[in-house]
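For reference, the structure is listed below as structure tokens.
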Amino acid sequence: MKKQRIHTLISIICLLALAPVGTFAQEVVVSGEIRPRFEFRHGYKTLSPDGVDAAAFVSQRTRLNAIYQDKLFRVGLVIQDVRVWGDVPQLNNSDVFGPSIHEAWGEAFLSDKVSIKVGRQEIAYDDHRIFGTVGWAQQARSHDAALLKYTPSDKHRIDVGLAYNNNGESLFNENYTVNSYKRFGYIWYHGTFNKVGISFLALNNGMTYMADSLEQKTACSQTFGPRITFKNNKLSLDGAFYAQTGKNKSNRDVSALYFSANLSYDLSEKFTFGLGGEYLSGTSSIDQNDASKKDKSFTPLYGTNHKFNGWMDYFYVGSYNGSNGLIDVYMPLSLKIKKLTFKMIPHYFMAAATISTIQEDGSQKDYSDGLGVEIDYSMTYTASKSMNLSAGYSQMLGTESLQVLKGGNYENNNNWAWVMVTFKPTFFKSN
């Protein structure tokens, strides 16, 4: 049944592309993406344990995209297949995951300033810290949501978003068992004032938990704060501050903070120097196991976490939420030579809350806040707007404190390398 739906959507896309342009007052764009990526992992996401060999594999994302628009509405369809080379036999009659619907949304234009967008869609704002597309992950992220968009001018925009999730259709109330939020609601504003940009986000996020009565309930946290940007010729500045309150998914009180500051300066047309830092508050190791204490660990929720805190994804990518927090100081360097772009980003990591363990005699042993240094390198060759080749290498120089938090052995050689080619053809475009 699922494959039949996919085939139907592909047929619709093809019919839209082949329809005579003069028949409809419309704009149709059909495009695709093929993105295979080789990875070598030996210490990616966590310190490598003793006696294990590195992992090496090729994953691939394949997409078929279609956008249709007329004066009254527009719709978007993104059909996606994610696989690892060799995860099915050559003569396969089914895939491990198979095609899926990454996006399927419609947007109705109520006026030239107001629209409503509903369906499966990517949601991303500002620098992708709280809401992001997670484009590095082959599967990426999308939401089932409804958005009310108000754009009073080209310099101001307000979005209101709502989501309400269930396992499926039912006759009576059922517990929600999917590893996702039960509901959320947010408002986001962005304004441009000459060289300054100001954004503000307020998000109410609801996660289910089992109460003592064995009844499923929803605990809600609130994340809110501004982000400010400034750009003047060669200099770019940005800073953000978010607070989190309410309850976490264990119905524990939350009191957490986040702030960041970044500077970027073009020393020449080819070379850019940057300096920045992030602070994500954390909960001490001892307090993490004490339900009577507040959860002070900031959670970036639905952001593109691979973009932040090192490309080796040690922090906030699938783990580390509710942990000791993080202080990240980094210095991005970028060099462009014609079609080549080289980047190097060294990071210095520290825990924001005390790391400790309980010894056999019952005493508490505290560890240094220093977690280590990560150095990320990448190279991208842009052959055209539709094709590029990129590669990267990262090295983690961890500490004993990082080993306490993540496991493995910090004295091992912990590194990661990758090579990726991306094709993004436009198959058809009418106007």
Side-chain angles (χ1 to χ4, degrees), residues 45 124-136 197-201 203 205 221 223-231 235-245 254-265 272-284 295-334 343-355 368-376 378 394-399 401-402 405-406:
K45 280 194 175 183
Y125 294 113
D126 300 318
D127 61 348
H128 290 221
R129 197 47 169 134
I130 306 299
F131 276 108
T133 60
V134 196
W136 170 262
I198 299 176
S199 297
F200 184 85
L201 174 69
L203 166 65
N205 189 68
S221 66
T223 302
F224 52 91
R227 181 173 185 268
I228 300 174
T229 62
F230 172 82
K231 184 171 179 60
L235 177 66
S236 297
L237 301 171
D238 68 75
F241 172 82
Y242 297 106
Q244 279 181 343
T245 61
V254 175
S255 179
L257 297 174
Y258 166 92
F259 61 82
S260 68
N262 297 281
L263 174 152
S264 177
Y265 187 78
T272 301
F273 167 84
L275 184 65
E278 276 197 321
Y279 171 85
L280 298 91
S281 65
T283 308
S284 67
D295 178 5
K296 298 181 180 180
S297 302
F298 186 89
T299 302
L301 296 171
Y302 313 115
T304 303
N305 296 326
H306 176 80
K307 179 183 175 183
F308 304 87
N309 312 134
W311 296 341
M312 292 184 74
D313 293 342
Y314 270 64
F315 309 100
Y316 304 105
V317 180
S319 65
Y320 202 74
N321 291 312
S323 191
N324 297 67
L326 188 68
I327 299 171
D328 178 9
V329 180
Y330 43 87
M331 187 174 64
L333 304 174
S334 177
K343 292 183 178 181
M344 182 180 75
I345 309 176
H347 294 259
Y348 178 65
F349 300 118
M350 294 179 289
T354 303
I355 303 170
S368 168
D369 293 337
L371 299 178
V373 173
E374 179 180 328
I375 305 177
D376 299 322
S378 73
S394 297
Q395 182 78 42
M396 171 61 79
L397 305 173
T399 65
S401 299
L402 184 61
L405 295 179
K406 302 290 292 187

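A quick note: this is a predicted structure, and the numbers were derived from the prediction, not measured.
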So, the side chain of Lys343 versus the backbone of Asp376: is there a donor-acceptor pair under 3.5 Å, distance only?
-> no

In terms of side-chain heavy atoms, does Glu278 have a donor or acceptor partner in Tyr258 at a distance below 3.5 Å?
-> yes

Please check if the distance between the ring centroids of Phe315 and Phe349 is under 6.0 Å.
-> yes

Minimal heavy-atom distance between Leu280 and Tyr316, with the atoms involved, is CB-OH, 3.5 Å

Interatomic spacing from CG in Leu237 to OG in Ser264 - rounded to 0.5 Å | 9.0 Å

Any side-chain heavy atom of Asn205 sitting closer than 4.5 Å to one from Tyr302?
-> yes

If you measure from OG1 on Thr299 to CG on Asn321, what distance do you get to the nearest 0.5 Å?
-> 4.5 Å

Of all heavy-atom pairs linking Gly276 and Asn262, the shortest is CA-OD1, 3.7 Å

Would a 4.5 Å heavy-atom cut-off, applied to side chains only, mark Leu203 and Phe224 as touching?
-> no

So, the side chain of Asn324 versus the backbone of Thr354: is there a donor-acceptor pair under 3.5 Å, distance only?
-> yes

With distance as the sole test, does Ser368 use its side chain to make a donor-acceptor pair with the main-chain N or O of Gly370 at under 3.5 Å?
-> yes

Go through the side-chain N and O atoms of Ser221 and Gln244 and say whether any donor and acceptor fall under 3.5 Å apart.
-> no

What are the two closest heavy atoms between Ala124 and Gly132, and how far apart are they?
-> CB-CA, 4.1 Å

Report yes if the side chains of Ser378 and Trp311 come closer than 4.5 Å at any heavy-atom pair, otherwise no.
-> yes

side-chain contact (heavy atoms from CB on, under 4.5 Å) evaluation trace for Tyr242 with Arg227 = CA-CA 9 Å; Tyr242 297 106; Arg227 181 173 185 268; 4.2 Å; yes

Under 3.5 Å side-chain donor-acceptor pair for Lys296 and Thr283 = no

Short side-chain donor-acceptor distance under 3.5 Å, Lys406 and Ser319 | yes

Do Lys45 and Val317 have side-chain heavy atoms sitting under 4.5 Å apart?
-> yes

Before giving the answer on side-chain contact (heavy atoms from CB on, under 4.5 Å), spell out for Met350 and Asp328 the whole-Å C-alpha distance, their side-chain angles and the decisive distance to 0.1 Å.
-> CA-CA 7 Å; Met350 294 179 289; Asp328 178 9; over 6 Å; no

Any idea which heavy atoms bring Asp313 and His306 closest together, and the distance?
-> OD1-ND1, 2.8 Å

Separation between CD1 (Ile355) and OG (Ser323), nearest 0.5 Å, reads 7.5 Å

Heavy-atom check, side chain of Met344 versus side chain of Ile375, under 4.5 Å = yes

Student check: side-chain heavy atoms of Leu405 and Tyr314 closer than 4.5 Å = no

When you check the side-chain N and O atoms of Asn309 and Tyr330, is any donor under 3.5 Å from an acceptor?
-> no

Tyr320 side chain vs Gly325 backbone, donor-acceptor pair below 3.5 Å = yes

Should Leu235 and Leu263 count as side-chain neighbours, where that means a heavy-atom distance under 4.5 Å?
-> yes

Hey, does the Lys NZ or Arg CZ of Arg129 hover above the aromatic six-ring of Phe308, less than 6.0 Å from the centre and inside 45° of the axis?
-> yes

One should read off an interatomic distance between Leu371 CG and Leu326 CG, to the nearest 0.5 angstrom, of 6.5 Å

Gap between atom NZ of Lys231 and atom OG of Ser236 - 0.5 Å precision = 3.0 Å

Flag, side chain of Ser255 to backbone of Thr245, donor-acceptor distance under 3.5 Å | no

Near-ring test Tyr279/Phe259, centroid separation under 6.0 angstrom = yes

Which heavy atom of Ala243 sits nearest a heavy atom of Leu257, and at what distance?
-> CB-CD2, 3.9 Å

Would you indicate whether the side-chain heavy atoms of Asp369 and Ser401 approach each other to under 4.5 Å?
-> no

What's the shortest heavy-atom distance between Thr304 and Gly135, and which atoms?
-> CG2-N, 4.3 Å

To the nearest 0.5 Å, how far apart are CD1 in Ile130 and OH in Tyr125?
-> 13.0 Å

